Student: 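Below is one structure. I have some questions about it.
Note that this is a predicted model, so its numbers are computed, not measured.
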Amino acid sequence: MKKTTRKPLNRMTLFVISIFVLAIIVAAIYLIGFTPGETQV
């Protein structure tokens, strides 16, 4: 029983971590490139 419950937990954790990292990357790109009010010339 422990082996069957362990694998979905690892998959779920990997899924959540990958979504979290993707959100951080998108936020970083937005903050660096698309900040409103600051025009770089």
Student: Spell out, yes or no, whether Ile25 and Tyr30 are grouped together once hydrophobic residues are joined by side-chain heavy atoms under 4.5 Å, including indirect joins.
Tutor: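 Result: yes, single cluster for both.
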Student: Atom CD1 of Ile17 and atom CG of Leu22: how far apart are they, to the nearest 0.5 Å?
Tutor: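 The CD1 atom of Ile17 sits 13.5 Å away from the CG atom of Leu22.
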Student: Is there a chain of hydrophobic side chains (I, L, V, M, F, W, Y, each step under 4.5 Å between heavy atoms) that links Ile24 to Val16?
Tutor: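 Shared cluster, no.
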